Amino acid sequence: MSDEAVRSEGAGNGAVGNGAVGNGVVGNEAVQAALLSGLPAAAVLTDPDVTASYAGDMAGFCPSGTPAAVVLPQTVEQVQHVMRTATALRVPVVPQGARTGLSGAANADDGAIVLSFVKMDRIVEIDPVNRIAVVEPGVVNAALSRAVAAEGLFYPPDPSSWEMCTIGGNIGTGSGGLCCVKYGVTAEYVLGLDIVLPDGRLLTTGRRTAKGVAGYDLTRLFVGSEGSLGAVVGATLALKPAPGQQLALAAEFPSAAAACDAICRIMAGGHVPSLLELMDRTTVRAVNSLTRMGLPESTEALLLAAFDTPDPAADLAALGALCTAAGATEVVPAADAAESELLLAARRAALPALEAVSGTTMIDDVCVPRSRLGAFLDGVAEIAAAYDLTIGTCVHAGDGNTHPNVCFDPADPDESARARKSFDAIMALGLELGGTITGEHGVGLLKKEWLAKELGPVGLELQREIKGVFDPLGIMNPGKLF
């Protein structure tokens with residue numbers, strides 16, 4: 001990919017004057033007919049019973065509409081046709097991946113074109129010398145990870161939904177994962193992108209080289225933009241050499257404060273674990289109830305750590321000593337990879353375990369400075385008591401990214417209302433402690449009110465102006481972010 005090159009490739013600019021999006025003038029049948037004029041019939045879904053299944057992602061409390069059509073493109077040219085059609089008719093476009101998101105960023109609007117990339121799922125290239133992979137947006141994260149592992153390489157970003165979520169969705173939300181403490185998040189691995197703009201032009205950003213600083217960094221601008229600027233149709237991703245075998249330990253603490261003290265000692269000591277996760281008492285008990293793993297229910301906080309270094313046992317011993325000094329009541333290192341995997345399976349079971357408590361969960365995604373984790377966890381416990389709710393918190397402890405899971409019965413209106421209020425209270429707490437409203441799930445519909453509070457009026461105004469440059473008609477995923 002050339003640096004920030006723009007290629008028309010026969011797209012034409014498709015520009016129209018300013019006007020309202022989704023103004024009701026264009027009916028669904030007209031939208032469908034325009035799409036079918038340049039797409040195979042199999043690529044355009046119009047049956048309302050089928051299109052309803054594409055209405056939204058996994059977020060709660062987020063409204064979704066009825067799309068005019070769902071398009072399943074297989075080529076860049078087909079995406080360009082969709083965009084030109086949407087621009088000409090001033091119809092909203094909602095890009096989607098696997099719809100595993102948790103912020104409502106993939107929710108459809110009434111009369112919109114849903115652009116689902118699940119069939120653009122080719123791994124185009126794996127280059128071991130330059131340590132890059134070139135992929136289409138519908139490639140599933142786990143499929144890419146396994147493909148590059150066969151070449152002795154490693155694609156680190158590993159969201160908990162990695163067996164289902166797509167690279168395009170990961171890029172759209174700027175997602176993270178369990179190994180972020182050592183390896184970083186999706187944004188740090190996206191070297192370049194191919195993007196179809198709202199008017200149908202194809203924009204290529206970034207590079208294939210290890211270094212490059214030519215021009216504004218449009219690549220990073222698109223990562224986390226939630227489909228609000230254009231549709232990603234290809235990505236060049238950085239890879240790393242495959243790490244060594246990971247070895248883990250579990251440490252029990254009598255309080256969240258003691259566990260957070262251990263986290264601070266670990267990070268201040270210069271240790272670089274490949275994983276550092278925390279589960280509170282509520283989460284541990286929920287996991288036990290679901291899996292019968294026999295985790296210690298007497299613990300107030302369970303810290304899981306792992307290293308993939310040349311001598312992980314020695315690193316774990318040093319980390320274990322820091323946990324003991326911080327007040328850990330027990331430190332249990334795994335003897336081998338199999339025992340390590342059992343420990344980490346407990347963390348992966350946290351979300352389904354908490355969902356089983358009351359029927360559903362509302363998952364918050366507040367990130368705070370590591371030094372404020374103890375205050376944050378204590379604050380969440382106070383919020384749970386104030387709203388008479390079960391809230392289990394698991395934390396990517398190494399980077400301060402917390403996931404309070406508000407458990408509630410969606411059939412109970414009063415409990416649902418309290419859940420929503422507690423969710424907002426948690427976000428307010430995060431901002432008070434110097435944090436951010438989202439570390440990896442994105443803003444979508446769920447948090448756009450809070451994004452405005454975090455950015456402030458000047459920041460919000462500039463972000464809206466940036467969107468206007470790329471999407472002057474406002475047709476790309478309208479209503480998300482702000």
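Source: prediction; values computed, not measured. Reckoned from all heavy atoms, side chains included, excluding hydrogens, waters and symmetry mates.
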Contact check, side chains of [X] and [Y], non-hydrogen atoms, under 4.5 Å:
X	Y	answer
Ile113	Val82	yes
Pro404	Phe376	yes
Leu429	Val380	yes
Asp194	Val76	no
Leu473	Thr87	yes
Arg347	Leu344	no
Ser37	His81	yes
Val366	Leu433	no

How close do [X] and [Y] get, counting heavy atoms only, and between which atoms?
X	Y	answer
Gln246	Ser274	OE1-OG, 2.6 Å
His441	Leu102	CE1-CD1, 3.5 Å
Ser64	Asn107	CB-ND2, 3.9 Å
Leu218	Thr205	CB-CG2, 4.0 Å
Ser422	Val406	OG-CG1, 3.5 Å
Pro156	Cys179	O-SG, 3.0 Å

State whether the side chain of [X] and the backbone N or O of [Y] hold a donor-acceptor pair below 3.5 Å, judged by distance alone.
X	Y	result
Thr438	Val443	no
Glu454	Leu451	no
Asp158	Leu178	yes
Thr166	Gly169	yes
His403	Asp364	yes
Glu277	Leu304	no
Asp365	Gly439	yes
Asp109	Ala112	no
Asn170	Cys165	no
Lys448	Gly479	yes

Atom [atom1] of [X] with >12 non-hydrogen neighbours under 6.0 angstrom:
X	atom1	value
Lys453	NZ	yes
Lys421	NZ	no
Glu125	CD	yes

I'd like to know if the side chain of [X] pairs up with that of [Y] as donor and acceptor (distance under 3.5 Å, no hydrogens or angles considered).
X	Y	answer
Trp450	Asp424	yes
Thr46	Gln32	no
Asn477	Ser228	no
Tyr183	Asp308	yes

Taking the six-membered ring where the residue is Trp, are the ring centres of Phe408 and Phe423 under 6.0 Å apart? no
Separation of [Y] [atom2] from [X] [atom1] (nearest 0.5 Å):
X	Y	atom1	atom2	value
Arg208	Asn130	CZ	CG	6.5 Å
Met362	Asn405	CE	CG	11.5 Å
Thr283	Ile391	OG1	CD1	11.0 Å
Met476	Leu115	CE	CG	7.5 Å
Cys394	Asn401	SG	CG	10.0 Å
Ile167	Phe117	CD1	CZ	14.5 Å

So, Lys480 and Glu226, do they make that salt bridge, N to O below 4.0 Å? no
Salt-bridge criterion met for Glu151 and Arg131 (N-O under 4.0 Å): no
From Thr402, Val395, Thr393, residue fulfilling side chain to side chain contact (heavy atoms under 4.5 Å, CB included) relative to Leu278: Val395
Should Leu237 and Val190 be marked as a side chain to side chain contact (heavy atoms under 4.5 Å, CB included) after you check the CA-CA gap, both sets of side-chain angles, and the distance that decides it? CA-CA 5 Å; Leu237 306 173; Val190 182; 4.0 Å; yes
So Val79 and Met120, side chain to side chain contact (heavy atoms under 4.5 Å, CB included) or not? Walk me through it. CA-CA 10 Å; Val79 177; Met120 291 185 69; 4.0 Å; yes
Verify side chain to side chain contact (heavy atoms under 4.5 Å, CB included) between Thr219 and Leu191, making sure each step is shown before the conclusion. CA-CA 7 Å; Thr219 302; Leu191 296 176; over 6 Å; no
Residues Tyr54, Leu72; criterion side chain to side chain contact (heavy atoms under 4.5 Å, CB included); working and verdict: CA-CA 11 Å; Tyr54 290 82; Leu72 304 171; 4.1 Å; yes
